[in-house]
Visitor: 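Structure in structure tokens, see below.
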Protein chains: 2
Amino acid sequence: MGHMSTDPKPSPLPLTERQEARRRRILDASTRLACGGGFDAVQMREVAESSGVALGTLYRYFPSKIHLLAATMQDQLGQLHEALRKRPPAATAPSERVAETLLRAFRALQREPLLADAMVRAVIFADRSVSAEVDAVSRLTTTIIVDAMGPGAETGNRESAVRVIEHTWHAALVTWLSGRATVGQVTEDIRTVCGLLDR
Amino acid sequence: MGHMSTDPKPSPLPLTERQEARRRRILDASTRLACGGGFDAVQMREVAESSGVALGTLYRYFPSKIHLLAATMQDQLGQLHEALRKRPPAATAPSERVAETLLRAFRALQREPLLADAMVRAVIFADRSVSAEVDAVSRLTTTIIVDAMGPGAETGNRESAVRVIEHTWHAALVTWLSGRATVGQVTEDIRTVCGLLDR
DNA sequence: CTCAAGTCTGAAACTTGTTCTAGATTAGCG
DNA sequence: CGCTAATCTAGAACAAGTTTCAGACTTGAG
């Protein structure tokens, strides 16, 4: 399986160094504010001020709050992917490897629940105008899951199962974040849905 | 199986007739606006004007746009439940009965995709302050699924499976609504996840 | 019927996401 | 260096959700 993770940007537009730095400051500010107060605390004026950039510039880099948080999620997922690559799951059965991976990700999110709140709510709330960015997040998530399944697992007719796992992952997180499900229920649901891979 | 669907309100506050009528006008206006333009078209000032009620009154009945749309979803789900009761699924296996039911609901939503957009996005975006209402929606959905499983199916250790089906149902709808999944994929995913009941 | 409490109305104000504008800065180029 | 286009800044302006408030209307108890 090829990987191109260390160079995340063969992007359309080449950015100068200062621009790259601005983008980074913005994403960091977004992350910091989200960690402090979740979705509502990521206010565009705050992000702009906190990253030393004018409001108009912020909107040039990220055309909406949802775009910004989706990019923040890409950023965080990238780091997660890095970490997972270094310490792959230990189990042998694909379904257990995937469950182990998602549960590890869940534990990571529990450490910064408000950041998770901001990112996940943004991504699920996104409308068509953000589909490119959300699609990138979705592809990254799919990659993480398929990678976790391991080299042996044929990805043949399991595309639907992978999508269902992803659906459950997102929706279970949402119910947990809004206080309508416990950590235990989310854990159980992740295990349950991963069972779909045992066929 | 007990059912209390025809009397949906043993609610905390008894409403006068005029109040009941106002509430109904508001919900109808919300539905109409949603059908016409989705989430964004349900604007509180419009709802108020369109239902002949002052803005402040609208907010007394529904403390936020999300509350309003969650209530609209309860309303619609109630009607769906009615319709399903009259014509229950034909299959015999619980998993197929559930799939058939959800696919029928999906077909209904396809007839008013913008209404679906407004309701589903509201419910998944809802934060803790709306958990009571969202919980009601969730319970209704669970009831529909469990009813569809049929009298024979023991609900023993399937709680997690039912939750996973619900998660998939919501998240699959969202990806369809935002144009990132086709009707065919959603259909397939619903069938796939219902397979969890065959154990 | 009469009064007090609760409800509804109309309108203004406030909040936060988003857009727009005029002028300052920067980047690339001859 | 000097020019031109693109970018950035500060700040006003706009949009829609939400809050607030004074006054009119309803309701229910006596």
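All chains are named by letter (A, B, ...) in the order of the sequence lines, taking the proteins before the strands, and each is independently numbered beginning at 1.
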Visitor: Do S50(A) side-chain atoms and V47(A) backbone N/O form a donor-acceptor pair below 3.5 Å?
Guide: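 The answer is no, because no donor-acceptor pair under 3.5 Å joins these two groups.
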
Visitor: With nearest nucleotide decided by heavy atoms, which residue, R45(A) or V53(A), maps closer to the 5′ end of DNA chain D?
Guide: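 The answer here is V53(A).
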
Visitor: Consider the side chain of Q19(B), meaning its heavy atoms from C-beta on, and name the nucleotide among dT19(C), dC8(C), dT16(C) that approaches it most closely.
Guide: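 So the nucleotide nearest the side chain must be dC8(C).
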
Visitor: In this structure, how many angstroms lie between the P atom of dA15(D) and the CD atom of E46(B), rounded?
Guide: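 Going from E46(B) (CD) to dA15(D) (P), I get 14 Å.
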
Visitor: If you check the M44(B) side chain, which of dT9(C), dA10(D), dG17(D) turns out closest?
Guide: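 Given the options dT9(C), dA10(D), dG17(D), the side chain of M44(B) is closest to dG17(D).
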
Visitor: Looking across every strand, which nucleic acid part, if any, lies under 4.0 Å from F62(A) by heavy atom: base, sugar-phosphate, or nothing?
Guide: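 If one applies the 4.0 Å heavy-atom cut-off, F62(A) turns out to touch nothing in the nucleic acid.
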
Visitor: Decide whether a cation-pi geometry holds between R121(B) and F39(B); the criteria are a distance under 6.0 Å from NZ or CZ to the six-membered ring centre and an angle within 45° of the ring axis.
Guide: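 Yes, a cation-pi geometry.
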
Visitor: From dT18(C), dT19(D), dC8(C), pick the nucleotide closest to the side chain of T57(B)?
Guide: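 Of the options given, the side chain of T57(B) lies nearest dC8(C).
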
Visitor: What integer distance in Å separates E17(B):CD from dG28(D):P?
Guide: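 Interatomic distance, CD of E17(B) to P of dG28(D): 12 Å.
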
Visitor: Which of these nucleotides, dG17(C), dG10(C), dA10(D), is closest to any side-chain atom of K65(A)?
Guide: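 When the side chain of K65(A) is considered, dG17(C) is the closest of dG17(C), dG10(C), dA10(D).
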
Visitor: Is any side-chain heavy atom of T168(A) less than 4.5 Å from a side-chain heavy atom of V164(A)?
Guide: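 Touching, per the 4.5 Å side-chain cut-off.
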
Visitor: Using whole Å, report how far CD of E49(B) lies from C1' of dC8(C).
Guide: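 Those two atoms, CD and C1', are 17 Å apart.
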
Visitor: Taking the basic N atoms (NZ, or NE/NH1/NH2) and the acidic carboxylate oxygens, is any pair closer than 4.0 Å for R24(A) and D28(A)?
Guide: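 Yes, R24(A) and D28(A) are salt-bridged.
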
Visitor: Look at the side chain of R22(A) and decide which nucleotide, out of dT26(C), dT9(D), dG17(C), has an atom nearest to it.
Guide: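 Nearest nucleotide to the side chain: dT9(D).
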
Visitor: Rounded to whole Å, please give me the gap between CZ in F125(B) and P in dA16(D).
Guide: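 Those two atoms, CZ and P, are 17 Å apart.
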
Visitor: Between dG17(C) atom P and D40(B) atom CG, what is the distance in whole Å?
Guide: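 Those two atoms, CG and P, are 15 Å apart.
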
Visitor: In whole angstrom, give the distance that lies between atom CD of Q43(B) and atom C1' of dA16(D).
Guide: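 In whole Å, dA16(D) C1' and Q43(B) CD are 6 Å from each other.
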
Visitor: Compare the minimum distances between each of dG17(C), dT18(D), dT7(D) and the side chain of R60(A), then state the nucleotide with the smallest one.
Guide: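 The listed nucleotide nearest to R60(A)'s side chain is dT7(D).
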
Visitor: dG10(C) C1' sits how many Å from Y59(B) OH, rounded?
Guide: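 My rounded result for the distance is 16 Å.
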
Visitor: For DNA chain D, whose closest nucleotide is more 5', that of L58(A) or that of F39(B)?
Guide: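 First, find each residue's nearest nucleotide; the 5'-ward one identifies L58(A).
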
Visitor: At 4.0 Å (heavy atoms only), tell me whether V42(A) reaches a base, stays on the sugar-phosphate, or touches nothing.
Guide: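 Here V42(A) touches the backbone only, sparing every base.
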
Visitor: Which nucleotide sits closest to the side chain of L55(B): dT18(D), dG28(C), dA16(D)?
Guide: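 Of the candidates, dT18(D) comes closest.
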
Visitor: Among dC8(D), dT18(D), dT26(C), which nucleotide sits nearest the side chain of R18(A)?
Guide: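 When the side chain of R18(A) is considered, dT26(C) is the closest of dC8(D), dT18(D), dT26(C).
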
Visitor: So is K65(A) actually on top of F125(A)'s ring, under 6.0 Å and inside 45° of the axis?
Guide: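 So K65(A) doesn't make the cation-pi contact.
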
Visitor: Using whole Å, what does the distance between atom P of nucleotide dA27(C) and atom CD of E20(A) come to?
Guide: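 After rounding, the gap between these two atoms is 15 Å.
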
